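We count residues from 1, following the sequence as given. These numbers come from a predicted model, not from an experiment.
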Amino acid sequence: MKKLLMLMAATAALIGCEVSKPHYESVNDYPVKSGSAQEMTYTPQQTQFSLWSPNADSVRLSIYDNGENGEPVCTQWLKRQKDGSWQGAIKGDLKGKFYTFCVFDPNMQYEREETSGIFATAVGVNGHRGAIIDMRATDPEGWSDDRRPAMDKVADAIIYELHHRDFSIDPSSGVTNRGKFIALTEHGTVSPEGLATGIDHLVELGVTHVQILPSYDYGSIDETRLADNRYNWGYDPVNYNVPEGGYSTDPYDPSSRIREFKQMIQALHSAGIRVILDVVYNHTYDVAHANFTQTVPGYFYRTREDGSLGNASGCGNETASERPMMRKFMLESIRWWVEEYHIDGFRFDLMAIHDIPTMNAIREMLDQIDPTILLYGEGWAAETPQLEESLRPIKANCPKMPGIGAFSDELRDALRGPFYDDHVGAFLAGLPGNEQSIRFGIVGAIEHPQVDMSKVNYSQQPWTLQPTQLISYVSCHDDMMLTDRLRASVKPLKGKQIADDELMRLDMLAQTVVLTSQGLPFLWNGEEIMRDKKGVHNSYCSPDSINAIDWNLKTKNKPLCDYYAGLIALRKAHPAFRLGDAELVREHLEFIDVTTDNVTGDAKVTPDCVLGFRLKNHAGGDEWEEIVVLFNANRQAVNADLPTDASYTAVVMDGEVNPAGLGTFTGKARIPAQSALILHN
């Protein structure tokens, strides 16, 4: 067989290659493909193919009738080009057919597996073969008129993270197409008690952006066995530029997943909600069978000095974004999602694995399209990347990346406790010493004269240029639900675990900090109805019994949901909470010493686990002259002195939000136990 393959490749070289094979000392010498990175271009007259594989001996194209199984109906040897690509065309209308490339390696040591290429934009079931389709035929009615909802500035964003399956798979969601892209197109869905679910719930809540967990074609779900109901978050990429078939109604039809994904985007846009895509360019599902390896082995991954693969992702590999063709791939992939699917933002998984020039190039490209397209990520990696620290997009290097944000674990852990131990609490558990870290989060990680960096957890220097570079949050998908974390870390007054009413108060308190901070607030789906995951921390492949949202909780915990919606509306109504500029924050946001009489009444003291700030002088043009925000994590109320002798009106108090007023205070104010008090004069 080996001799036959060598003969086939040699014959192909004689009859098909017009450019002789160059010699490269290393993968760093490979040329960059000119023009588009796309590999298939369809017209009814002919379909053109192009695959970048500079060190190949030959490349064979195969055409199939089906997306899986069966023999090819025709094959063609592609021709080598000077830019390292291989090209060819087949005349006639191939719409509905499928294709693969097969790359023969130097010296014909082995024949690689067939691959859909690295830039497939449509695939068959499980993504093993590329699909030849007319992309315009996948556009839903009115798609050309779809526009991203208006947004004046990035600071206006309020982000809500969700997983397609979690959000709608439970029968209590009232959704017909449960767990599918088009679940988010169904209006009028309600819980058994008649409360809004699905997209109507998002509108009712008032969020501006939905961040959807990975939605590209990923490897851990067998699309031919969806009845098995296997679950995964999707952080295991296979084809980066195609929607996942498991979330479509028909994974065998290449157009179905594309059309339904667009319908979802269109519905959310029509509802006034932008869409952020969670992208995972930092690693692949595996290496041996990955399209990157089957196309250009050794190029797309970093290695250690001993030749072994880097593992900054913790998944067995890390990609090399600094290499020109990987950078080109990422840039064109991002552009593809923006232009073809109208995506409004990107959350980069383990962003610190990539390199700063690549991230800045993506930001610059997006600015040319729309500067309000969000770009942010995790400013850390699972292990140390094989890249010098000065080039890594870690939090400390955010000043080198204007317009690119990162999550603040400083604020997160100061509120609920450290990531490494679910049973250790912090501010919400009534433990002192976290106030400066919370201040740091409230100002958006900028330099501020009232933040003592020597007392901030994890960071000794401010790491943003603008507050909008900080993502403010207390929980997200890859962690305990806030409810579970509080049960694990807050010592109960009596019984085996914290009572539900105390849980609700602390949930409200945590999200009040998030939604009044100057960073971009970020909420995890279900926190607003006190969803739990039965204490599971890393539920990436847990069953629906752990991950699915029980929408009956919305009735049980409606006061909490109403509080979230009220806070979001308050933030939207008052620009003081979203100044979006570091100088304005330093000018208008002042932390205040929340003092109260001591036990004997003869001196003023600052209680532990009490924090306050004011937004003064009509901050950001706000109609309210001064806003005072006070947080009390203690199990007893605190009577605190107000910063002036003016009369203040409470708009948030005792778990209620009412801009018309909930009472007035002069000189002193009572901050209820484990809650926030927001006043204005």
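With sequence neighbours excluded, no residue forms a salt bridge (charged side-chain N to carboxylate O under 4.0 Å, His left out) with Asp200. For Arg347, the salt bridge (charged side-chain N to carboxylate O under 4.0 Å, His left out) criterion is met by Asp278, Asp349, Glu378, not counting sequence neighbours. Every residue was checked against the side-chain hydrogen bond (donor to acceptor under 3.5 Å, both in side chains) condition with Asn525, not counting sequence neighbours, and none meets it. Remark: Trp52 pairs with Tyr299 by the ring-ring contact (aromatic ring centres under 6.0 Å, His included) rule, at least two apart or across chains. Thr372 pairs by the side-chain hydrogen bond (donor to acceptor under 3.5 Å, both in side chains) definition with Arg274, Asp370, not counting sequence neighbours. Considering only residues two or more places apart in sequence or on other chains, Met135 meets the side chain to side chain contact (heavy atoms under 4.5 Å, CB included) condition with Ile133, Thr138, Ile258, Lys262, Trp336, Glu340, Tyr341. Contacts of Arg147 classified as salt bridge (charged side-chain N to carboxylate O under 4.0 Å, His left out), with partners at least two apart in sequence or in another chain: none. Applying the side chain to side chain contact (heavy atoms under 4.5 Å, CB included) rule to Asn69 yields no partners; only residues at least two apart in sequence or on another chain are considered. Residues that satisfy the side-chain hydrogen bond (donor to acceptor under 3.5 Å, both in side chains) test with Asn229, not counting sequence neighbours, are Arg165. Applying the side-chain hydrogen bond (donor to acceptor under 3.5 Å, both in side chains) criterion to Ser333, with sequence neighbours excluded, gives Asn241, Tyr281. With sequence neighbours left out, the salt bridge (charged side-chain N to carboxylate O under 4.0 Å, His left out) criterion links Asp355 to Arg327.
In this structure the side chain of Trp380 never reaches within 4.5 angstrom of the side chain of Ile394, judged on heavy atoms. A heavy-atom distance below 4.5 Å is not found between the side chains of Gln386 and Thr303. At least one side-chain heavy atom of Met151 sits under 4.5 Å from a side-chain heavy atom of His209. Contact annotation: the side chain of Asp344 never approaches that of Leu374 to less than 4.5 Å [non-hydrogen atoms, C-beta and beyond]. Side-chain contact between Lys33 and Ser50: present, with at least one pair of heavy atoms (C-beta onward) separated by less than 4.5 Å. Between Tyr473 and Asp479, the closest side-chain pair of non-hydrogen atoms is not below 4.5 Å. Counting heavy atoms from C-beta outward, Ile90 and Leu61 have side chains that approach closer than 4.5 Å. You'll find the side chain of Thr284 stays beyond 4.5 Å of the side chain of Thr293, heavy atoms only.
Aromatic ring centres of Phe522 and Phe407: separated by under 6.0 Å.
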Side chain to side chain contact (heavy atoms under 4.5 Å, CB included) between Met351 and Met359, intermediate numbers included: CA-CA 9 Å; Met351 180 175 68; Met359 295 305 302; 3.7 Å; yes
Stepwise side-chain hydrogen bond (donor to acceptor under 3.5 Å, both in side chains) check, Glu114 with Thr100: CA-CA 6 Å; Glu114 290 181 285; Thr100 63; 2.7 Å; yes
Derivation and outcome, side-chain hydrogen bond (donor to acceptor under 3.5 Å, both in side chains), residues Asn547 and Ser539: CA-CA 7 Å; Asn547 282 303; Ser539 65; 2.7 Å; yes
Glu383 vs Asn311, side-chain hydrogen bond (donor to acceptor under 3.5 Å, both in side chains): CA-CA, chis, key distance, verdict: CA-CA 6 Å; Glu383 297 181 14; Asn311 188 30; 3.3 Å; yes
Worked verdict on Asn538 versus Trp233 for side chain to side chain contact (heavy atoms under 4.5 Å, CB included): CA-CA 10 Å; Asn538 188 3; Trp233 283 339; 3.3 Å; yes
Side chain to side chain contact (heavy atoms under 4.5 Å, CB included) evaluation trace for Ser321 with Arg302: CA-CA 9 Å; Ser321 61; Arg302 295 189 190 124; 3.7 Å; yes
Residue pair Glu322, Leu391: steps toward the side chain to side chain contact (heavy atoms under 4.5 Å, CB included) verdict: CA-CA 9 Å; Glu322 70 279 8; Leu391 293 175; over 6 Å; no
Tyr231 vs His163, ring pair (Phe, Tyr, Trp, His ring centres under 6.0 Å): CA-CA, chis, key distance, verdict: CA-CA 11 Å; Tyr231 181 96; His163 183 278; 4.8 Å; yes
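In terms of modelled atom types and a separation under 3.5 Å, the side chain of Asp83 and the main chain of Ser34 share a donor-acceptor contact. Panel note: side chain Arg257, backbone Val242; no donor-acceptor pair is recorded below 3.5 Å. Not one N or O on the side chain of Gln87 forms a donor-acceptor pair closer than 3.5 Å with the backbone of Gln81.
To the nearest 0.5 angstrom, Ser248 atom OG is 7.5 Å from Leu226 atom CG. Atoms CH2 and CZ, from Trp337 and Phe346 in turn, are 8.5 Å apart once rounded to the nearest 0.5 Å. Distance OH/Tyr240 to CE/Met330: 9.0 Å, rounded to 0.5 Å. Atom NE2 of His354 sits about 13.5 Å away from atom CG of Asn360, to the nearest 0.5 Å. The CD1 atom of Ile343 sits 4.0 Å away from atom CD1 of Ile265, with the distance rounded to the nearest 0.5 Å. Atoms CG and CG, from Asn291 and Leu51 in turn, are 9.5 Å apart once rounded to the nearest 0.5 Å.
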May I have the list of side-chain donor-acceptor pairs in residues 38-47 shorter than 3.5 Å, sequence neighbours left out?
residue: Glu39; atom: OE1; partner: Ile118; partner atom: N; Å: 3.2
residue: Glu39; atom: OE1; partner: Phe119; partner atom: N; Å: 3.0
residue: Glu39; atom: OE2; partner: Ile118; partner atom: N; Å: 3.1
residue: Glu39; atom: OE2; partner: Phe119; partner atom: N; Å: 3.4
residue: Tyr42; atom: OH; partner: Asp93; partner atom: OD1; Å: 2.7
residue: Tyr42; atom: OH; partner: Asp93; partner atom: OD2; Å: 3.4
residue: Thr43; atom: OG1; partner: Gln45; partner atom: N; Å: 3.4
residue: Thr43; atom: OG1; partner: Gln46; partner atom: N; Å: 3.1
residue: Thr43; atom: OG1; partner: Gln46; partner atom: O; Å: 2.7

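The two atoms that bring Gly130 and Ser116 nearest to each other are N-CB, 3.6 Å, heavy atoms only. Heavy-atom minimum distance, Ala183 versus Gly179: CB-N, 4.5 Å. In terms of heavy-atom proximity, Glu68 sits nearest to Thr224 at OE1-CG2, 4.0 Å.
For Lys153, the NZ atom is densely surrounded, since the number of other residues' heavy atoms within 6.0 Å is greater than 12. Atom OH of Tyr540 has 12 or fewer heavy atoms from other residues, nucleotides or ligands within 6.0 Å. In the displayed structure, Asn28 atom CG is contacted under 6.0 Å by more than 12 heavy atoms of other residues, nucleotides or ligands.
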